Enquirer: 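Structure provided below as structure tokens; questions to follow.
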Amino acid sequence: MVPHLVTALTGPINELEQRVLDSMPAIERWFRLEWMEHTPPFYSSVDIRNAGFKLAPVDTNLFPGGWNNLTKEMLPLAVQAAQAAIEKICPEARNLLVIPENHSKNTFYLANIAQLVRIFHMAGLNVRIGSVDPAIKSPKKIELPNGETVTLEPVVRGKRRLGLKNFDPCTILLNNELSAGTPGILEDLHEQYLLPPLHAGWSVRRKSNHLHSYEELSKRLGKLLGIDPWLINPIYARAEGVDIAEGRGIDVLTSHVDAVLTKVRRKYKEYGINEKPFVVVKGGHSGSGSPGVVTVRDAKEVEALIGKSRTSTSSAAKTSAGRDLREPTELIVQEGVLTNERVHNGVAEPVVYMMDRYVVGGFYRVHAEQAADENLKLPGASYVPLAFSESTHMPQPGAKPGASAPNRFYMYGVVGRLAMVAASYEMEATDPDAEIYE
């Protein structure tokens, strides 16, 4: 059974599910044709919100850091996808170097690295972990709560290659969002494969590029399915040049918040939805940890939000990483999507994990203390992988919409893969080495 939906198990989401299931051959062909033209990100994860009347991605991560949340049942899929991805990029690959984030004290994150090592080892590679953290000067063994250990080793940079002492990899896997910028040690590695490429890092990425690509693709898929693309796409706007500390651009931010809320109200009226619309304001070029998400329900709240952020005393104006929105920046104003799914009475959102072009699994992010219109990526969140124990690749024909887990998860997988295609468009558009044909 699908985790409990607060909305009745009838309504638009079930009509959408039925439409997706009926169109499965056309959808799969559509994806196949896309992947003939475009290269999928090496790996990715997509946070999805199911409001009961719409299902939309709210965040696409190109350096997913929760591989430890996948169940044992999902590992064979991940291993097969890893083999396919490596074979395509570097069939002669033997040694793989994983570069993690620099927070070596976070054992939850390191359990994710241990899982990545396991996946690629089972895919037939020698795998070691190389840290670019200046504090790691010699191999450091760290015990994890589950009894496993991970060994972080300092990277050694040659003229054109990166490796470890007595370990020369042909492929380097980044599990580091590069939010603080690209370390020079990772640049100009022309003899090795660097996955994902440096321009996938948050020092280059802009959320607005991704959202633009996704919007275009949702229109195309919507046309294929015969649905309103709004059912799978959140409305958004980009507020540029906002400097909260100096009080500049506040009117721009307020007008964007007002415009997005007006569009959402119109859609709610069209579909007879009795919910209060809201938007989320988030940084336009920052990783999954920061800046966080601020929920705004009325354009009038922006002034109050700014005041709080200036004094920096309010947690509402702070980001989920503890940093605030005061730096001059591009902000994204995005339609807030409720999550009406519950696991163990906690508000939940599905997270879909992909490698190469395949959905390899997923889990629910659950937060008992947050509301249905709030950010769940906060301390106190828990992860429930069991719901995805059945394959997302095999919908069950004839099963009633809303009653079959594989069907619901197939629909999540379609939306997740659509965001992944958008990420591949985004990467192509920002590739500094792209060949330009006049």
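All residue numbers in this chain count up from 1 along the given sequence. Computed from a predicted structure; not experimentally measured.
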Enquirer: Any side-chain donor-acceptor pair under 3.5 Å between Asp22 and Gln18?
Expert: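 Short answer, yes.
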Enquirer: Taking only Lys NZ, Arg NE, NH1 and NH2, and the carboxylate oxygens of Asp or Glu, determine whether Glu153 and Lys165 approach each other closer than 4.0 Å.
Expert: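 The answer is no: the pair does not qualify as a salt bridge.
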Enquirer: Begin with the C-alpha distance, continue with both residues' side-chain angles, and end with the deciding distance and a verdict on salt bridge (charged side-chain N to carboxylate O under 4.0 Å, His left out) for Asp59 and Lys207.
Expert: CA-CA 9 Å; Asp59 195 28; Lys207 285 195 170 91; 5.1 Å; no
Enquirer: Is it the case that atom CZ in Arg220 sees more than 12 heavy atoms from other parts of the structure closer than 6.0 Å?
Expert: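 Atom CZ in Arg220 is crowded, with more than 12 foreign heavy atoms closer than 6.0 Å.
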Enquirer: Just checking, any donor-acceptor pair under 3.5 angstrom between side chains of Glu270 and Trp230?
Expert: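 Result is no, nothing qualifies.
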Enquirer: Does some side-chain heavy atom of Arg205 sit less than 4.5 Å from a side-chain heavy atom of Leu62?
Expert: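 Result yes, sub-4.5 Å side-chain heavy-atom pair found.
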Enquirer: Checking Asn175 against Tyr43: is there a side-chain donor and acceptor pair closer than 3.5 Å?
Expert: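 Per modelled atom types, Tyr43 and Asn175 side chains form a pair under 3.5 Å.
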Enquirer: Determine, for Arg32 against Glu34, whether the closest basic-nitrogen to carboxylate-oxygen distance falls under 4.0 angstrom.
Expert: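 Salt bridge: no.
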Enquirer: What distance separates Leu221 CG from Glu216 CD, expressed to the nearest 0.5 Å?
Expert: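 The distance works out to 13.5 Å.
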Enquirer: If I take atom CD1 from residue Ile99 and atom CG from residue Leu152, how far apart are they, to the nearest 0.5 angstrom?
Expert: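 Interatomic distance, Ile99 CD1 to Leu152 CG, rounded to 0.5 Å: 10.5 Å.
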Enquirer: Within the 4.5 Å heavy-atom criterion, are Val414 and Ile232 side-chain neighbours or not?
Expert: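 Result no, sub-4.5 Å side-chain heavy-atom pair not found.
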Enquirer: So for atom NE2, which belongs to His199, do other residues, nucleotides or ligands contribute more than 12 heavy atoms lying within a distance under 6.0 Å?
Expert: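 Atom NE2 in His199 is crowded, with more than 12 foreign heavy atoms closer than 6.0 Å.
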Enquirer: Quick check: does any side chain N or O of Gln334 sit under 3.5 Å from a backbone N or O of Tyr236, one acting as donor and the other as acceptor?
Expert: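 Side chain of Gln334 to backbone of Tyr236: no pair is present.
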Enquirer: With the threshold set at 4.0 Å, does a side-chain nitrogen-carboxylate oxygen contact exist between Asp188 and Arg160?
Expert: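 Salt bridge absent between Asp188 and Arg160.
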Enquirer: Could you state the interatomic distance from CG (Leu16) to CG (Asp228), rounded to the nearest 0.5 Å?
Expert: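 One finds 10.5 Å between CG of Leu16 and CG of Asp228.
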Enquirer: Going by the angle between their ring planes, with limits at 30° and 60°, are Tyr412 and Phe409 parallel, tilted or perpendicular?
Expert: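 Plane angle between 30° and 60°, so tilted.
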Enquirer: What verdict does the salt bridge (charged side-chain N to carboxylate O under 4.0 Å, His left out) test give for Lys159 and Glu191, after you've listed the backbone C-alpha separation in whole Å, the side-chain angles of each residue and the deciding distance to 0.1 Å?
Expert: CA-CA 10 Å; Lys159 197 172 177 187; Glu191 294 180 355; over 6 Å; no
Enquirer: Cation over ring, Arg365 on Tyr383, under 6.0 Å and within 45°?
Expert: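 Because its charged atom misses either the 6.0 Å distance or the 45° angle limit, Arg365 does not stack over Tyr383.
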Enquirer: Kindly write out the residues that satisfy salt bridge (charged side-chain N to carboxylate O under 4.0 Å, His left out) with Arg49, not counting sequence neighbours, or none if the list is empty.
Expert: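 With neighbours one apart ignored, the set is Glu349.
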Enquirer: With the side chain counted from C-beta on, respond yes when Val280 and Val296 share a heavy-atom pair under 4.5 Å apart, and no when they do not.
Expert: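 Sidechains of Val296 and Val280: no contact.
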Enquirer: Looking only at the side chains, is there a donor atom on one of Gln192 and Thr171 sitting less than 3.5 Å from an acceptor on the other?
Expert: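 The answer is no; no qualifying pair exists.
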Enquirer: Would you call Arg128 and Val98 a side-chain contact if the rule is heavy atoms closer than 4.5 Å?
Expert: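 No, every pair of side-chain atoms sits at 4.5 Å or beyond.
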Enquirer: Can you label the angle between the Phe120 ring and the Phe42 ring as parallel, tilted or perpendicular, going by 30° and 60°?
Expert: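 Rings of Phe120 and Phe42: parallel, as their planes differ by under 30°.
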Enquirer: What's the verdict on salt bridge (charged side-chain N to carboxylate O under 4.0 Å, His left out) for Glu148 and Arg118, showing C-alpha distance, side-chain angles and the deciding distance?
Expert: CA-CA 11 Å; Glu148 280 187 288; Arg118 184 181 296 112; 2.3 Å; yes
Enquirer: Does the plane of the ring in His38 sit parallel, tilted or perpendicular to the ring in Tyr425? Use 30° and 60° as the thresholds.
Expert: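 Ring orientation, 0 to 90° scale: tilted.
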Enquirer: Please report the shortest heavy-atom distance between Cys170 and Arg94, naming the atom on each side.
Expert: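 Taking every non-hydrogen atom into account, SG-N, 3.8 Å.
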Enquirer: Taking atom NZ of Lys263 as the centre, does the number of heavy atoms from other residues, nucleotides or ligands within less than 6.0 Å exceed 12?
Expert: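 Check fails, neighbour count at 12 or below.
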Enquirer: Kindly indicate whether the side chain of Asn69, heavy atoms from C-beta on, has any atom under 4.5 Å from the side chain of Phe108.
Expert: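 Yes, at least one pair of side-chain atoms sits under 4.5 Å.
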Enquirer: What I'd like to find out is whether the side chain of Leu75 reaches to under 4.5 Å of the side chain of Leu70, using heavy atoms alone.
Expert: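 The answer is no; the side chains never approach within 4.5 Å.
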Enquirer: Would you say Asn112 and Asn68 are linked by a side-chain donor-acceptor pair, where the criterion is simply a distance under 3.5 Å?
Expert: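 No donor-acceptor contact under 3.5 Å links the two side chains.
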Enquirer: With a cut-off of 6.0 Å (strictly less than), are more than 12 heavy atoms of other residues, nucleotides or ligands near CD of Glu240?
Expert: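 Yes, the 6.0 Å shell around CD holds more than 12 heavy atoms from other groups.
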